[in-house]
2 protein chains.
Amino acid sequence: MLIFTAIADPVRRDILGLLLTGEKPVGAIVDELGLAQPNVSKQLKALHEAGLVQVRIDGPRRLYRIDPGPLAELDNWLQPYRAFWAGKLDALDEHLMRSD
Amino acid sequence: MLIFTAIADPVRRDILGLLLTGEKPVGAIVDELGLAQPNVSKQLKALHEAGLVQVRIDGPRRLYRIDPGPLAELDNWLQPYRAFWAGKLDALDEHLMRSD
DNA sequence: CAGGAATATTCCTATTTGAGCATATAACCT
DNA sequence: AGGTTATATGCTCAAATAGGAATATTCCTG
């Protein structure tokens, strides 16, 4: 699954948000999001296939954590567009630059 | 439509890519992507509803251009995750910093 | 105002996908 | 080994959506 498709789902974005504070077992995500466990597992599988999370086995638990690789790709995709919103500030920027 | 959903579609990403070089009429996008005109119009509508493009009427033509607002939001959403891939370079970064 | 070019809209269909539920697998403990 | 906890998988259904084809709308020109 592509990064773009992976983050299109709000549940998957919520999961990534939770993992910002560090790796978590599935159960913790289920508790915090109030969703059914099978659905959380399925979205975690999707995130894993997209390369957005990695798993670490800890006894009976699976600890999921963020793998930022695909997010860095997204950041890279975004790059050429940055000129557009940066450009909106050009007039101000150049004014300030000249004041230096 | 949310920005995340809007950029999940490859055709819509292609259209945004074409608009990087400036505003274009629908026909130009149709020619360059080799897609049927109604489909291009539909995806442009989706992009417009997502706030990703703006339209300017020029006679019988509609000139579409990028509106970077939602992309800036995406950039903002990405922000907390940057620490993760930046962190991967910390060891190297700090090493280089100390060399200065 | 008639015709033609550019674009939008509608209808239909096939595919995808997320949720719910039931069930299966895996690991730990005694 | 048996029971319990943690997680994954399979099945089915309903909703969303992209594409194709036909049609409608808008605007310019003569």
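Not measured: the values here are computed from a predicted model. Proteins come first, then strands; the chains are lettered A, B, ... in the order of their sequence lines, and each starts at number 1.
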Return the [atom1] to [atom2] distance between [X] and [Y], rounded to the nearest 0.5 Å.
{"X": "I29(B)", "Y": "N39(B)", "atom1": "CD1", "atom2": "CG", "answer": "13.0 Å"}
{"X": "I15(B)", "Y": "L44(B)", "atom1": "CD1", "atom2": "CG", "answer": "4.5 Å"}
{"X": "L71(A)", "Y": "I3(A)", "atom1": "CG", "atom2": "CD1", "answer": "4.5 Å"}
{"X": "F4(A)", "Y": "L74(B)", "atom1": "CZ", "atom2": "CG", "answer": "8.5 Å"}

What residue pairs, at least two apart or across chains, pass ring pair (Phe, Tyr, Trp, His ring centres under 6.0 Å) with a residue in residues 44-66 of chain A?
->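 The answer is none; no pair qualifies.
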
Kindly state each residue pair satisfying ring pair (Phe, Tyr, Trp, His ring centres under 6.0 Å) with at least one member in residues 8-43 of chain A, sequence neighbours excluded.
->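 Listed by first then second residue: nothing to list.
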
Considering only heavy atoms, which members of residues 8-15 of chain A lie under 4.0 Å from some atom of DNA chain C?
->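 Within residues 8-15 of chain A, the residues near DNA chain C are D9(A), V11(A), R12(A).
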
Does anything in residues 43-51 of chain B reach DNA chain C, meaning a heavy atom under 4.0 Å, and if so which residues?
->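 K45(B), in order of number.
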
Residues that [X] engages under salt bridge (Lys or Arg N to Asp or Glu O under 4.0 Å), provided they are two or more places apart:
{"X": "E73(B)", "value": "none"}
{"X": "E32(B)", "value": "K24(B)"}
{"X": "E23(B)", "value": "R56(B)"}

Taking C-beta and beyond as the side chain, do L47(B) and D67(B) meet within less than 4.5 Å on heavy atoms?
->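 A side-chain contact under 4.5 Å is absent here.
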
R61(B) and P25(B): which non-hydrogen atoms are nearest, and at how many Å?
->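 Nearest pair, atom of R61(B) first, then P25(B): CD-CB, 3.7 Å.
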
Where T5(B) and A8(A) come nearest, the two heavy atoms and their spacing =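 Scanning both residues completely, I find the closest heavy atoms to be OG1-O, 4.3 Å.
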
Nearest-nucleotide comparison on DNA chain C, the residue closer to the 5′ end among K42(A) and K42(B) |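 Upstream on the strand: K42(B).
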
Using only side-chain N and O atoms of Y64(B), determine if any of them is under 4.0 Å from OP1 or OP2 of dA8(C).
->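 Yes, because at least one side-chain N or O of Y64(B) sits under 4.0 Å from OP1 or OP2 of dA8(C).
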
Donor-acceptor under 3.5 Å (Y81(B) side chain, L20(A) main chain) |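 Side chain of Y81(B) to backbone of L20(A): no pair is present.
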
Could you run down the sub-3.5 Å N/O contacts of the protein with nucleotides 25-30 of chain D?
none

Residues that V30(A) engages under side chain to side chain contact (heavy atoms under 4.5 Å, CB included), provided they are two or more places apart =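 Counting only residues at least two positions away or on another chain, V30(A) forms a side chain to side chain contact (heavy atoms under 4.5 Å, CB included) with V26(A), Q37(A), V40(A).
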
How sharply is the helix from dC1(C)-dG30(D) to dT30(C)-dA1(D) bent, taking the axes over five pairs at either end and rounding to 10 degrees?
->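 The helix from dC1(C)-dG30(D) to dT30(C)-dA1(D) shows an end-to-end axis angle of 20°.
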
Close approaches to DNA chain D from residues 18-39 of chain B, in residue order (heavy atom, under 4.0 Å) =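 Only P38(B), N39(B) qualify.
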
Tell me, which pairs form a salt bridge (charged side-chain N to carboxylate O under 4.0 Å, His left out) where one or both residues lie in residues 7-19 of chain A, sequence neighbours left out?
->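 Of all non-adjacent pairs touching residues 7-19 of chain A, none passes salt bridge (charged side-chain N to carboxylate O under 4.0 Å, His left out).
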
